Chemist: 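For reference, the structure I am asking about is given below.
Just so we're clear, the structure is a prediction, and the values are computed from it rather than from any experiment.
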Amino acid sequence: MFEKILVANRGEIALRVIRAAREMGIQSVAVHSTADADAMHVRMADESVCIGPPASTDSYLSIPAIIAACEVTGAQAIHPGYGFLSENANFVQIVEDHDLTFIGPTAEHIRIMGDKITAKDTMKKLGVPCVPGSDGGVPNLQEAKRLGAEMGYPVIVKATAGGGGRGMKVAGSAEEMESAFLTARAEGKSNFGNDEVYIEKYLTTPRHIEIQVFGDGKGNAVHLGERDCSLQRRHQKVFEEAPGPCISPEERAAIGKVCADAVARINYIGAGTIEFLYENGEFYFIEMNTRLQVEHPVTEAIFGVDLVREQIRVAEGLPMSFTQDDLEINGHAIEVRITAEKLPEFAPRPGRITQFHAPGGLGVRMDSALYDGYSIPPYYDSLIAKLIVHGRDRASALSRLNRALGELIVDGIDTTVPLFHALLQEPDIHSGEYNIHWLEKWLETNLQG
Ligand code: ADP
């Protein structure tokens, strides 16, 4: 059993891991940059180590500094949270080479899924349905144009190493292909050091449906249903819910089984998410994330499980604490991602919080690292809080969200809270009738600068 784990992250996700560890009787070590000396994760952990200056490349992404922090504190395992080093196969390899445990999948799983072309190829072979598209990488513009004509426009050109919504360009016609192809390639090169791209049919009205999977690394795996994350801005999720409003129990059981079987066959260990676009009753795989997702709490709410606890358990070599038959959906959960941004342009607004009050009451969970007087540093992601509500059905979850947003106080900075108040006025949000383009269109007409 682990006695001490190091959390290689910051913000709300670092707190999330520290809390799970404490409930399991495990000590936690926070690492932090000089800009985060007063951060909540540093205050809440049992120990902390400063690992470098503000820039994340010199601190939260510094592999030698993190390994050294383990050695200094005697931490036996590392939880990476999401982002930063959570999907860095090289890091996992180095962790293992130092006789430490990485709380997550193997370097090999991360490598396979981190490259979108290899991931798609692997999933196809494991029987998972994929978006129609090129057979692997597309070497040049001429080939891209040939494929565009063959598949029919619109198509989307994607960097195989892309992530976070970057490295993706839509070509609506043959004329747009040159720019889409060259831009996706350039973004892949500059953001991820890899200019390989592939092409997919661009689906025009899909929903984003993702399946939570969990494996024990010994050939056993389960699924924990789906999350609908269709409300997106610039391909980034802002509002997530579980179960998906348009997914039937039969569809859930069928796609869930395909996903659980696929990860069982590769002896996957820990939490993973298989992302799909869903259109006209069909699922199309787009990518797999080999880590805990930002939106994991909605799944935790409806299944009554602690996914971080499970991650730690399987990393210790213990079995999962539930089987597929134990997993039953209870009610409906919604998460909104609150960021320190000024509307309507979503301009980053770090600064000092003069007053903070988190909502509470039945069915409300607030995952946030804010506190009164905290100064949000300008160096990191703008996510400051995740508000998660759970109700007996979708309608009660929505009214609970409205109530909880009304209780929340974040003074001193601008946040995206007004966006969620406005969204809750929309009939489409209440009927659940939206696809991945709905929010962008709504923002264009409702939040003009
Ligand atoms: P990233 O790794 O950058 O998150 P994904 O491949 O997961 O990229 O895609 C992110 C989002 O981009 C999806 O949720 C969807 O909104 C959009 N997208 C991706 N592929 C397609 C496609 N083939 N057709 C339409 N939209 C797509």
Chemist: At their closest point, which heavy atom of Ala260 faces which heavy atom of Ala221, and how far apart are they?
Modeler: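 Scanning both residues, the minimum pair turns out to be O-CB, 3.5 Å.
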
Chemist: Ring centres under 6.0 Å, that's the criterion: do Phe214 and Tyr268 meet it?
Modeler: no

Chemist: Check whether any side-chain heavy atom of Ile78 sits under 4.5 Å from a side-chain heavy atom of Thr101, and report yes or no.
Modeler: no

Chemist: Taking the side chain as C-beta and beyond, is there a heavy-atom pair between Phe2 and Glu316 under 4.5 Å?
Modeler: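 Yes; the side chains approach each other to less than 4.5 Å.
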
Chemist: Quick check: do Lys386 and Arg365 have side-chain heavy atoms less than 4.5 Å from each other?
Modeler: no

Chemist: Tell me whether the rings of Tyr371 and Tyr374 are parallel (<30°), tilted (30 to 60°) or perpendicular (>60°).
Modeler: tilted

Chemist: If you measure from CG on Leu6 to CG on Leu100, what distance do you get to the nearest 0.5 Å?
Modeler: 9.0 Å

Chemist: Would you mind reporting whether Pro377 and Asp36 have side-chain heavy atoms less than 4.5 Å apart?
Modeler: yes

Chemist: Flag the pair Ser33 / Tyr380 as yes when at least one side-chain heavy-atom distance between them is below 4.5 Å, and no otherwise.
Modeler: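 Sidechains of Tyr380 and Ser33: in contact.
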
Chemist: Apply side-chain hydrogen bond (donor to acceptor under 3.5 Å, both in side chains) to the pair Ser321 and Glu310, showing each step before the final yes or no.
Modeler: CA-CA 7 Å; Ser321 57; Glu310 290 304 314; 2.2 Å; yes

Chemist: Is the number of heavy atoms from other residues, nucleotides or ligands under 6.0 Å of Lys257 NZ greater than 12?
Modeler: no

Chemist: Quick test of your reading of the model: are Arg403 and Glu407 salt-bridged, counting only N-O distances below 4.0 Å?
Modeler: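 Yes, this pair counts.
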
Chemist: Using a 3.5 Å distance criterion without hydrogens, assess whether the side chain of Asn330 forms a donor-acceptor pair with backbone atoms of Ile302.
Modeler: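 Absent.
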
Chemist: Of the non-hydrogen atoms in Leu307 and Glu300, which two are nearest, and what is the gap between them?
Modeler: N-OE2, 2.7 Å

Chemist: side-chain contact (heavy atoms from CB on, under 4.5 Å), that's the test. Do Leu408 and Phe356 meet it? Break it down for me.
Modeler: CA-CA 8 Å; Leu408 172 65; Phe356 174 66; 4.1 Å; yes

Chemist: With a 4.0 Å cut-off, would you call Lys4 and Glu47 a salt bridge?
Modeler: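 Yes, charged N to carboxylate O under 4.0 Å.
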
Chemist: Between Lys237 and Glu295, is there a side-chain N and carboxylate O pair less than 4.0 Å apart?
Modeler: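 Judged by the 4.0 Å cut-off on N to carboxylate O distance, Lys237 and Glu295 do form a salt bridge.
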
Chemist: Does the side chain of Glu240 reach to within under 4.5 Å of the side chain of Ile334, using non-hydrogen atoms?
Modeler: no

Chemist: Can you list the steps and then say if Lys125 with Asp121 is a salt bridge (Lys or Arg N to Asp or Glu O under 4.0 Å)?
Modeler: CA-CA 6 Å; Lys125 288 189 180 129; Asp121 193 43; 3.1 Å; yes

Chemist: With the side chain counted from C-beta on, respond yes when Tyr284 and Glu200 share a heavy-atom pair under 4.5 Å apart, and no when they do not.
Modeler: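 Contact flag for Tyr284/Glu200 side chains = no.
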
Chemist: I'd like to know if the side chain of Gln212 and the backbone of Gly272 have a donor-acceptor N/O pair within less than 3.5 Å.
Modeler: yes

Chemist: Mind checking the NZ-OH spacing from Lys441 to Tyr434? Nearest 0.5 Å is all I need.
Modeler: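 Taking NZ in Lys441 and OH in Tyr434, the distance rounds to 15.0 Å.
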
Chemist: Check for a donor-acceptor pair, side chain of His430 on one end and backbone N or O of Leu424 on the other, with a separation under 3.5 Å.
Modeler: yes

Chemist: Which heavy atom of Ile13 sits nearest to which heavy atom of Arg10, and what is that distance?
Modeler: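 Scanning both residues, the minimum pair turns out to be CG2-O, 3.5 Å.
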
Chemist: Before we go on, tell me: are the rings of Tyr202 and His437 under 6.0 Å apart, centre to centre?
Modeler: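 That pair passes the under 6.0 Å test.
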
Chemist: Look at atom CD of Glu3 and say whether more than 12 heavy atoms of other residues, nucleotides or ligands are closer to it than 6.0 Å.
Modeler: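 No, CD of Glu3 has 12 or fewer neighbouring heavy atoms, counting only those of other groups under 6.0 Å.
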
Chemist: Does any donor atom in the side chain of Asp325 or Thr323 lie under 3.5 Å from an acceptor atom in the other side chain?
Modeler: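 On atom types as modelled, these side chains do not qualify, holding no pair under 3.5 Å.
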
Chemist: Determine the minimum heavy-atom distance between Gly81 and Arg291, stating which atoms define it.
Modeler: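 It is O-CB, 4.4 Å.
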
Chemist: Let me confirm one number: the CE-CZ distance from Met168 to Arg234, rounded to the nearest 0.5 Å.
Modeler: 12.5 Å

Chemist: Please check: side-chain N/O of Thr416 versus main-chain N/O of Thr339, any donor-acceptor pairing under 3.5 Å?
Modeler: yes

Chemist: Kindly indicate, with the supporting measurements, whether the criterion side-chain contact (heavy atoms from CB on, under 4.5 Å) is fulfilled by Val298 and Glu241.
Modeler: CA-CA 6 Å; Val298 292; Glu241 61 186 305; 5.6 Å; no

Chemist: I would like to know whether Phe84 and Tyr60 meet ring pair (Phe, Tyr, Trp, His ring centres under 6.0 Å); could you show each step before the answer?
Modeler: CA-CA 7 Å; Phe84 292 131; Tyr60 296 104; 5.1 Å; yes

Chemist: Distance check, rounded to the nearest 0.5 Å: Cys229 atom SG versus His208 atom NE2?
Modeler: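 Those atoms lie 4.5 Å apart.
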
Chemist: Just by distance, do the side chain of His421 and the backbone of Val417 share a donor-acceptor pair under 3.5 Å?
Modeler: no

Chemist: Do the numbers put Arg337 on top of the ring of Phe239, so that NZ or CZ is under 6.0 Å from the six-membered ring centre and no more than 45° off the axis?
Modeler: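 Ring-cation test returns no.
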
Chemist: I'd like to check Glu187 versus Lys169 (side-chain heavy atoms, cut-off strictly below 4.5 Å). Are they in contact?
Modeler: yes

Chemist: Please give me the minimum heavy-atom distance between Thr205 and Glu279, naming the atom from each residue.
Modeler: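 Closest heavy-atom pair between Thr205 and Glu279: N-OE2, 2.7 Å.
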
Chemist: Is there a donor-acceptor contact under 3.5 Å from the side chain of Thr160 to the main chain of Ile117?
Modeler: yes

Chemist: If you round to the nearest 0.5 Å, how far is CZ of Arg313 from CE of Met1?
Modeler: 8.0 Å

Chemist: Supply the atom-to-atom distance Ile312 CD1 to His79 NE2, rounded to the nearest 0.5 angstrom.
Modeler: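 Here the rounded value is 6.0 Å.
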
Chemist: Is the backbone N or O of Val131 less than 3.5 Å from a side-chain atom of Lys120, with the two atoms forming a donor-acceptor pair by type?
Modeler: yes

Chemist: For Gly244, does its backbone N or O pair with a side-chain atom of Glu226 as donor and acceptor, under 3.5 Å?
Modeler: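 Yes; judged by distance alone, with no hydrogens or angles, the pair exists.
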
Chemist: Below 30° counts as parallel, above 60° as perpendicular, anything between as tilted: where do the rings of Tyr278 and Phe283 land?
Modeler: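 Because their plane-to-plane angle lies in the 30° to 60° range, the rings of Tyr278 and Phe283 count as tilted.
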
Chemist: Determine yes or no for a side-chain-to-main-chain donor-acceptor pair under 3.5 angstrom, with Ser56 supplying the side chain and Ser59 the backbone.
Modeler: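 No, Ser56 side chain to Ser59 backbone: no donor-acceptor pair under 3.5 Å.
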
Chemist: Whether the side chain of Ser399 engages the backbone of Ala395 through a donor-acceptor N/O pair (distance < 3.5 Å, no angle test) should be reported.
Modeler: yes

Chemist: Between Thr273 and Arg227, is any side-chain donor less than 3.5 angstrom from a side-chain acceptor?
Modeler: yes

Chemist: Test side-chain contact (heavy atoms from CB on, under 4.5 Å) on Val29 and Ser48; report intermediate values, then the result.
Modeler: CA-CA 5 Å; Val29 178; Ser48 64; 6.0 Å; no

Chemist: Can you see which heavy atom on Thr106 is nearest to which on Val92, and at what distance?
Modeler: C-CG1, 4.2 Å

Chemist: Just do the side-chain hydrogen bond (donor to acceptor under 3.5 Å, both in side chains) check on Gln355 and Asp372 with the steps written out, would you?
Modeler: CA-CA 5 Å; Gln355 201 190 352; Asp372 267 344; over 6 Å; no

Chemist: Just do the side-chain contact (heavy atoms from CB on, under 4.5 Å) check on Lys218 and Asn267 with the steps written out, would you?
Modeler: CA-CA 5 Å; Lys218 297 168 186 155; Asn267 290 331; 5.9 Å; no

